[in-house]
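In this text, all values refer to a predicted model and were calculated from it rather than measured experimentally. Chain naming here is simple, since letters A, B, ... match the order of the sequence lines and numbering starts at 1 in each.
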Amino acid sequence: MAKTPVNRARLLQGNEAIALGALAAGCDFFAGYPITPASEITEIMSRELPALGHPFIQMEDEIASIGCCLGASLAGRKAMTATSGPGFSLMQENLGYACIAEIPTVIVNVMRAGPSTGMPTNPGQGDVQQARWGTHGDHPAIVLCPASVGECFEVAVQCFNFAERFRTPVVLLSDEVVAHMREKVTLPAEGQVEVINRPRPLEPPDWYKPYKADGSQIPRLADLGQGYRYHVTGLVHDERGFPTRRADEVEPFYARLFNKISRNFTMLEMVKGVALEDAEILIIAYGCTARSAQAAVRLGRERGLKLGLLQLISLWPFPRRPVEEALAGKKLCLVPELNMGQISREVKRVNNGRTQVHRHSKMDGSMITPEELLARLRVLS
Amino acid sequence: MPPVHRSVVYEWLRHDKKFPHVWCPGCGLGVLLGSLVRTLVNSGLDKNRVVLVSGIGCSGRLPVYVDVGSVHTTHGRALTFATGIKLANPDLTVITVMGDGDATAIGGNHLIHAARRNLDLNAIIVNNLNYGMTGGQYSPTTPMGAKATTARYGHIEPSFDISALSATAGAAFVARSTVYHVTQLDKMLSLMLQKRGFSLVEVLSPCHTNFGRQNKLGSQVDMMKTYKRDAVRQERWEKMSQEEREGRFSIGVLVDRDHPTYLDHYAEVCQRAARLREEAKS
Amino acid sequence: MSPAKKSGAPASAKKAAPKTLPAMNRLEVRLAGSGGQGLLLAGLVLAEAAGLYDGREVAMVQSYGPEARGGASKAEVIVSDRPIDYPLCSKVDLLLALNQEAADTYAWDVDPSSWVVVDADLVEHPPTSRAVALPFTATARDKLKKIMVANVVALGAISQLTGVASLKSLEKALLARVPKGTEALNRKALSLGAKLAREQAVKEKPAQAVLSAADF
Amino acid sequence: MSAKSKAKPETKPLKEPAQGKVSFFPAWCKRCGNCVAFCPRQALAQDEWGHPFLKSPERCTACGLCEMLCPDFAISVGEAAPAVADTCPAPGKPGSPVSPNHSPERLAPIPTEE
């Protein structure tokens, strides 16, 4: 990148910040297909990557885009694609492939109101459960969700770091409001961003087993075409990568797939708290809805309501411990979402009946307003 | 081409992979596998710089037997993965192996766009006229009137001509061969590897287990004999009348043309972008 | 709440510290018109002026979709000294409408304390009788011979009416955005807009004029 | 095998007879019959179990077509043949001696449906 003064304040759009975050994290491959409201990411990458001598390609559809990213990632690149609901639905098959073949990649899904074409220019948060359970079969998932332009940058970096560290696809779940809004942000200067690269094999090729892991449960990934001639498949495979149906090989494989994530929950559970110390009423929110909730906390406190907000950055794995902690001792919890209760269901599961948890769902193509939340809380409390 | 000693062929097969392979006795995929390995040996390529990519189906199982980097991807998507691999590392020789259903039905869109883009990929399409692995359902290349497990009363859809399709879409090199014409197949694969740009070889291969049995075509030996009977060298084919061509097909190089590949153009784009950056800086 | 209270800049404070910007607790501006009137650019310039040059927090959203190519389109800019939580307008403090459709579509949340500024010629029926009608397009056409800078004229005016961004910062932000060779034109458009506001709006409706131009 | 090709007069002089230069790896052979059917000089035949053997070594020119047409890499031309004994096979190893009644299909991994 040209020596743009990255440490100067800039007015950036959410999508722009995601692209810049990806580049800061070392993204050197992008394949995508245009779709509102994610196209800006593809456009920016088409401008930036050629100038750096890295590949950018607009593929024939979203299926091809993610396939292209997975191929590039196997060949050693840090690859990203960006899409919205309909394209994300098309990507599910290869997202599953990335999970089972353990290929790091970052998939940005800028949520719009759905299902299907829905409302392309209106925000929605209906893909939260899809990001977790969209593919067939069972596998863990890492899904992060920014609520501001600054967070878009940070979360994009984090997505790449998680993808590389855990050798897995990571979904960045943005939404139309966050994607399109512009905010003043000061980006860290070049070299001030923590960048994690995938662990590569330490043994000579003849001894390399692409799916044999050490205690970390995360196998080391060799770049295709660099002397390590291994096999990658979407079939359940043994340590050498060859298909297997032997129970004594299949079971440990699945166990490892889950363990590599579940053993790192503390690192993966990312939340932000606002005025939680003395709060009596808790709001749990994420994405653009967290912005409404922040305003509600401010306005509510001006009016004497002791409100607090737990903003979820990681949606999956669901940040169980922070949510449990935040729920403890609260008399009431409200979970506002632009869907019919996809995260409130998780909050209720974690809460296990101890605190009153209510969902606040809105599906009219617009954001939840702070006043709307306060009015709801007035009714509930 | 110089004959390749079998012992060299064995060197290119994966020793830690179980042989005999998964395919039915007499399956043409085994013949193709042998031909591909011979060609790779003859090409003088470094094992470490070759990547084999496949989709799903019987053909999808081919790469696992070859001792190169191999990726067995999702159904129809082999070319998309291959595109990513090639773009990520243009020094690699990327070869995709697909079936007819894989490449022209579920992956048909990727095929035409890969051909149009003219990225330097090598595509082998094994055409056995049906979906073999799932039990003999009809595919886009099943001939009109033929029987399939999903066309019990005869197939009613016109079929694709894979080679003509990819030639029209812009492929730089298109050839057709059969697993019976194995020396010619070696030659076509070798030309394919030498060619820059999107190169495709359509390989007719018998599926006696499904297509053959349903259509009473006999064993794979019988089916291969029909290849011997019906195949016409492209040079002769061009001189044949429409009536003479009836019921026959041509083998050989169908298209061989030179136009800049995607990477040639992309290199220019990178230069242009870098130059504009420099100008903006100063 | 009036804009005066919100922007918290009583007339006396200005003289005491002419260089310091008045405190501002969330000012919401909506710029509306039809696609092609340059409201996105106006919004960007306003947001950059307030955010990057005045040093305040800003958030900006714009309308997307087919209306961006004709019909009513809008850009919303929120300026505050504190971090901005809710990024959309919850109660607009200033609505700028450059055509009738925009005035009709986007005036639903103005209240008696809001500024409503409309183009004197293109908005025949302002949404409220308190609306300030200024001849942005006519000024651009007659005095600058470039109808396309009407948005810049309007920017100059709203800077004077609300102080959402200082004129100096607006000029810096504007010149960084506009194509080379049009700097003089744009600078002139901005100052003409400011003059319009000072001479017509502030003079005619002094009760509403909270911040006068002299300080910025 | 067609009778027509059998009757073909031999125009070219025979190359050096390749007796003993065709090796079969029965553990890999699936007895498909390609080699026997397409040997240009009908030098091969199938035994009662379907396994190919070099019936007429004097006819073999070591052209290698059987090797190329074998889908299972179970024929090697031009190498010294390993001793084929009627002993228990070591499955999966090229060139392993194998009894004629051994069924190679049983050694094959079960194909997985996709």
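- With a 4.5 Å cut-off on non-hydrogen atoms, F29(A) touches chain B through its side chain but not through its backbone.
- Heavy-atom minimum distance, I85(B) versus G71(A): CG1-O, 3.3 Å.
- Looking at V51(B), the atoms closer than 4.5 Å to chain A (heavy atoms on both sides) all sit in the side chain, from C-beta outward.
- Of the listed residues (N48(B), L52(B), D46(B)), the one with the most heavy-atom contacts under 4.5 Å to chain A is N48(B).
- Ranked by heavy-atom pairs under 4.5 Å with chain A, the list A280(B), A88(B), G60(B) is led by A88(B).
- For NE2 of H259(B), the number of neighbouring non-hydrogen atoms (other residues, nucleotides, ligands) closer than 6.0 Å is greater than 12.
- If you measure heavy-atom distances from L224(A) to chain B, the contacts under 4.5 Å come from both the backbone and the side chain.
- The contact between I57(A) and chain B is made by backbone and side chain atoms together, counting heavy-atom distances below 4.5 Å.
- The shortest heavy-atom contact between E93(A) and H75(B) is OE2-N, 3.9 Å.
- Highest contact tally toward chain A, considering only T83(B), N89(B), D67(B), L79(B), is held by D67(B) [criterion: heavy-atom pairs under 4.5 Å].
- Summarising the local packing, OH of Y33(A) is surrounded by 12 or fewer heavy atoms from other residues, nucleotides or ligands at distances under 6.0 Å.
- When the candidates G234(A), G241(A), G227(A) are compared by the number of heavy-atom contacts under 4.5 Å with chain B, G227(A) comes out ahead.
- Interface remark: A31(A) contributes no atoms to any contact with chain B (heavy atom separation under 4.5 Å).
- Contact count versus chain A (heavy atoms, under 4.5 Å) is highest, among R275(B), R77(B), Q271(B), R49(B), for R77(B).
- For R277(B) (side chain) and A51(A) (main-chain N/O), no donor-acceptor pair under 3.5 Å exists by modelled atom type.
- Taking the charged nitrogens against the carboxylate oxygens, R116(B) and E60(A) have no contact shorter than 4.0 Å, which rules out a salt bridge.
- For a residue to count as touching a neighbouring chain, one of its non-hydrogen atoms must lie under 4.5 Å from one of that chain's; by this rule R14(B) touches chain A with the side chain only.
- Contact of K86(B) with chain A is not made at all, since no heavy-atom distance falls under 4.5 Å.
- With a 4.5 angstrom heavy-atom cutoff, L92(B) touches chain A only via side-chain atoms.
- For the pair Y266(B) (side chain) and H54(A) (backbone), a donor-acceptor distance under 3.5 Å is present.
- For the atom pair SG (C270(B)) and CZ (F56(A)), the distance works out to 11.5 Å, reported to the nearest 0.5 Å.
- Across T80(B), V50(B), V66(B), the residue that shares the most heavy-atom pairs under 4.5 angstrom with chain A is T80(B).
- Atom OG1 in T74(B) sits 11.5 Å away from atom CG in L95(A) (nearest 0.5 Å).
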Quiz prompt | Test side chain to side chain contact (heavy atoms under 4.5 Å, CB included) applied to L276(B) and R47(A), step by step | solution = CA-CA 11 Å; L276(B) 283 172; R47(A) 188 187 69 205; over 6 Å; no

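- Around NZ of K47(B), the count of heavy atoms belonging to other residues, nucleotides or ligands within 6.0 Å exceeds 12.
- Around atom OH of Y228(A), more than 12 heavy atoms belonging to other residues, nucleotides or ligands sit under 6.0 Å away.
- Of the atoms belonging to D61(A), it is side-chain heavy atoms, and not backbone ones, that fall under 4.5 Å from chain B.
- Heavy atoms of R240(A) lying under 4.5 Å from chain B belong exclusively to its side chain.
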